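All values reported here derive from a predicted model rather than from experimental measurement.
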Amino acid sequence: MLCFLADDFGRPFRYSWRPLKSPSLSAVLIYSLIRNLLFLLPPEIAHDFSMFSIRNGGRLKFTNLVGGRVKSCPTEVMGLKFDNPVGLAAGLDKNGDYFDGLGSLGFGFVEIGTITPRPQPGNPKPRLFRLPQQQAIINRMGFNNSGVDHLVEQVKKRKYKGVLGINIGKNFDTPVENAVDDYLICMAKVYEYADYITVNLSSPNTPGLRDLQFGETLKALLSRLKQEQADLAHRHGRYVPLAVKIAPDLTTKEINEIAAILVEQKIDAVIATNTTLSREGVEGHPHAGEAGGLSGAPLAGRSTEVIRIISKALDGALPIIGVGGICSGSDAADKIAAGASLVQVYSGFIYRGPGLIAQSVNAISGLSRDTG
């Protein structure tokens, strides 16, 4: 089937896609129509309208019109029970305003954030760019969010019964040497309401943030966070797992060194990967020169390779959540085959729609049967 869309320059193009096996044909057609209309809007306006619609659609039980029936595929990771292993990556719902509606689409878990201690506007607009023919997105949002206190107030009203992760970061104007203070503030405030917490050290859009991924700096940061985790677990009477999100733009040596530190510090999971600074797969596109992180289909291979490398280095010591370029069920299954226990979608969800959830669950379930 062919869909006719317009790119960010107003030029029409033909966008082809493979039919999804799980959702009904009517759901696929409905989402195709919705996407066509949304892609006529500037990306951030389209995002805000979509999230508003999903939130209200979830309340009115309309979200099943654009998704498919997602079968149960129980998975236990980090001591948490997931109805299925397919989640939504952080970034789509930064403030916790929409996760109830998003959860109603069938995700096994939803991760919200990245959140910072103080509200911040993020980088100047435009800062979000579609590359539809490549099924990709470039963003330099810069952790735009309403601050951790706003998110906590939203999460207090939670109706979503699935697993909820909260992704935390530092304010842009906090010196890197003081970054741990921002993480500790966020961690203390969200701990009571999170099922797991993700430490985002790998966004390319906050200056100096990725420097926190290495050597003694990483050890010191994680040591402080683990100490705080223990204190909070004692205070609240429950243990909330701590995950670390890493970049795809790492050498094999760097990945192995990070893996050793994660094991040494007894981190509960690693999320691989964030967006990439590479422009491989989008060369020549008018937006390829835009600063920011690239996500979507061009990232699929590199993300899976990082999962494969870190899985070998970890040797089962902690689970991996695989994210990056999942645009089909087979992409999700590839991440699991490479060593991930769970997967997350983001750009693929925007291009393929909620039907991608069911397709991914089915593919992962089939992989499990094939491997016995």
Enquirer: For residues 219-228, which side-chain donor-acceptor pairs fall under 3.5 Å, sequence neighbours excluded?
Expert:
unit_1: K226; atom_1: NZ; unit_2: Q229; atom_2: OE1; d: 2.6
unit_1: K226; atom_1: NZ; unit_2: Y239; atom_2: OH; d: 3.2
unit_1: K226; atom_1: NZ; unit_2: K266; atom_2: O; d: 2.8

Enquirer: To the closest 0.5 Å, what do you measure between OG (S341) and CZ (F82)?
Expert: 9.5 Å
Enquirer: I'd like to know if the side chain of H150 pairs up with that of N145 as donor and acceptor (distance under 3.5 Å, no hydrogens or angles considered).
Expert: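 Looking only at side-chain atoms, N145 and H150 do not form any donor-acceptor pair under 3.5 Å.
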Enquirer: Quick check: closest heavy atoms across Q135 and P298, and the distance to 0.1 Å?
Expert: O-CD, 4.1 Å
Enquirer: Of all heavy-atom pairs between A332 and I364, which one has the smallest distance, and what is that distance?
Expert: CB-CD1, 4.1 Å
Enquirer: Taking CD in E264 as the centre, count heavy atoms belonging to other residues, nucleotides or ligands within less than 6.0 Å. Is the count above 12?
Expert: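 For E264, atom CD is crowded (more than 12 foreign heavy atoms under 6.0 Å).
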Enquirer: Can D249 and R210 be counted as an ion pair, charged N to O under 4.0 angstrom?
Expert: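 Yes, charged N to carboxylate O under 4.0 Å.
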Enquirer: Give a yes or no on whether a salt bridge exists between E305 and R302, defined as a side-chain N under 4.0 angstrom from a carboxylate O.
Expert: no
Enquirer: Quick check: do Y31 and N36 have side-chain heavy atoms less than 4.5 Å from each other?
Expert: no
Enquirer: When rounded to the nearest 0.5 angstrom, what is the spacing between CG in N205 and CZ in F143?
Expert: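 Here the rounded value is 8.0 Å.
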Enquirer: For the pair Y351 and F39, name the ring-plane relationship: parallel under 30°, tilted 30 to 60°, perpendicular over 60°.
Expert: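 Aromatic pair Y351/F39 classed perpendicular.
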Enquirer: Assess the side chains of S202 and Q213: does a donor N or O sit below 3.5 Å from an acceptor N or O?
Expert: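 Result is no, nothing qualifies.
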Enquirer: Which atom pair, heavy atoms only, marks the closest approach of D268 to L242?
Expert: OD2-N, 2.8 Å
Enquirer: I'd like to know whether D173 forms a salt bridge (Lys or Arg N to Asp or Glu O under 4.0 Å) with R118, so could you lay out the CA-CA distance, the side-chain angles of the two residues, the decisive distance to 0.1 Å, and finally the verdict.
Expert: CA-CA 10 Å; D173 56 353; R118 291 173 282 110; 2.9 Å; yes
Enquirer: The test is side chain to side chain contact (heavy atoms under 4.5 Å, CB included); show your working for T275 and L294 and say whether it passes.
Expert: CA-CA 5 Å; T275 58; L294 173 71; 5.7 Å; no
Enquirer: I'd like to check T198 versus I271 (side-chain heavy atoms, cut-off strictly below 4.5 Å). Are they in contact?
Expert: yes
Enquirer: Between R55 and D100, does any side-chain N to carboxylate O distance fall below 4.0 Å?
Expert: no
Enquirer: Between T304 and D334, does any side-chain donor sit less than 3.5 Å from a side-chain acceptor?
Expert: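 On atom types as modelled, these side chains do not qualify, holding no pair under 3.5 Å.
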Enquirer: R238 side chain to Y191 main-chain N or O, any donor-acceptor pair under 3.5 Å?
Expert: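 Side chain of R238 to backbone of Y191, a donor-acceptor pair under 3.5 Å: yes, one is there.
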Enquirer: Between L38 and A46, which heavy-atom pair has the shortest distance, and what is it?
Expert: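 What the structure gives for the nearest pair is O-CB, 3.5 Å.
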Enquirer: Indicate yes or no: does D195 engage K81 in a salt bridge with an N to O separation below 4.0 Å.
Expert: no
Enquirer: Using the rule that two of Ile, Leu, Val, Met, Phe, Trp, Tyr join whenever any of their side-chain heavy atoms come within less than 4.5 Å, decide whether V323 and L201 are in one cluster.
Expert: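 Shared cluster, no.
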Enquirer: So L218 and I258, do their side chains get closer than 4.5 Å, heavy atoms only?
Expert: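 Heavy-atom side-chain distance check passes, below 4.5 Å.
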Enquirer: Quick test of your reading of the model: are R127 and E44 salt-bridged, counting only N-O distances below 4.0 Å?
Expert: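 The answer is yes: the pair qualifies as a salt bridge.
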Enquirer: Let me confirm one number: the CZ-CG distance from F349 to L105, rounded to the nearest 0.5 Å.
Expert: 5.0 Å
Enquirer: Do L102 and M51 come within less than 4.5 Å of each other through their side chains, counting heavy atoms only?
Expert: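 In short, these two side chains touch, coming nearer than 4.5 Å.
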Enquirer: Does a donor on one side chain and an acceptor on the other come within less than 3.5 Å for N171 and T174?
Expert: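 N171 vs T174: no donor-acceptor pair found between side chains.
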Enquirer: Checking N200 side chain against I168 main chain: does a donor-acceptor pair fall under 3.5 Å?
Expert: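 No.
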Enquirer: In this structure, would L367 and L356 fall into the same cluster of hydrophobic residues linked by side-chain contacts under 4.5 Å?
Expert: yes
Enquirer: Quick one: pull up OG in S347 and CZ in R352 and give me the separation to the nearest 0.5 Å.
Expert: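 These two atoms lie 12.5 Å from each other.
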Enquirer: I want to check something: taking the side chain as every heavy atom from C-beta on, are N362 and Q359 in contact at a cut-off of under 4.5 Å?
Expert: no
Enquirer: Out of the candidates L88, V155, N95, N167, only one should pair with I112 under the side-chain contact (heavy atoms from CB on, under 4.5 Å) rule; please name it.
Expert: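 Of all the options given, the one that passes is V155.
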Enquirer: So if I apply the side-chain contact (heavy atoms from CB on, under 4.5 Å) rule between F109 and each of I321, T75, N84, which one comes out positive?
Expert: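 Going through I321, T75, N84 one by one, the side-chain contact (heavy atoms from CB on, under 4.5 Å) with F109 is satisfied by I321 alone.
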Enquirer: Can you name the closest pair of heavy atoms from A317 and V263 and give their distance?
Expert: CB-CG2, 3.7 Å
Enquirer: Given K170, which of T116, L209, D181, T114 fulfils the side-chain contact (heavy atoms from CB on, under 4.5 Å) condition?
Expert: L209
Enquirer: Taking Q154 for its side chain and V152 for its backbone only, find out whether a donor-acceptor pair lies under 3.5 Å.
Expert: no
Enquirer: Let me confirm one number: the OH-OG distance from Y98 to S53, rounded to the nearest 0.5 Å.
Expert: 10.0 Å
Enquirer: Does the side chain of L232 reach to within under 4.5 Å of the side chain of V240, using non-hydrogen atoms?
Expert: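 SC-SC contact between L232 and V240 ruled out.
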Enquirer: Please tell me whether S330 and S328 have a donor and an acceptor in their side chains that are separated by less than 3.5 angstrom.
Expert: yes
Enquirer: In Å and rounded to the nearest 0.5 Å, what is the NE2 to CD distance from H287 to E290?
Expert: 6.5 Å
Enquirer: Might you point out which heavy atoms bring G325 and D331 nearest each other, and give the distance in Å?
Expert: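 So the minimum-distance heavy-atom pair works out to O-OD2, 3.4 Å.
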Enquirer: With hydrophobic residues grouped by side-chain heavy-atom distances under 4.5 Å, do V86 and M78 end up in a single group?
Expert: no
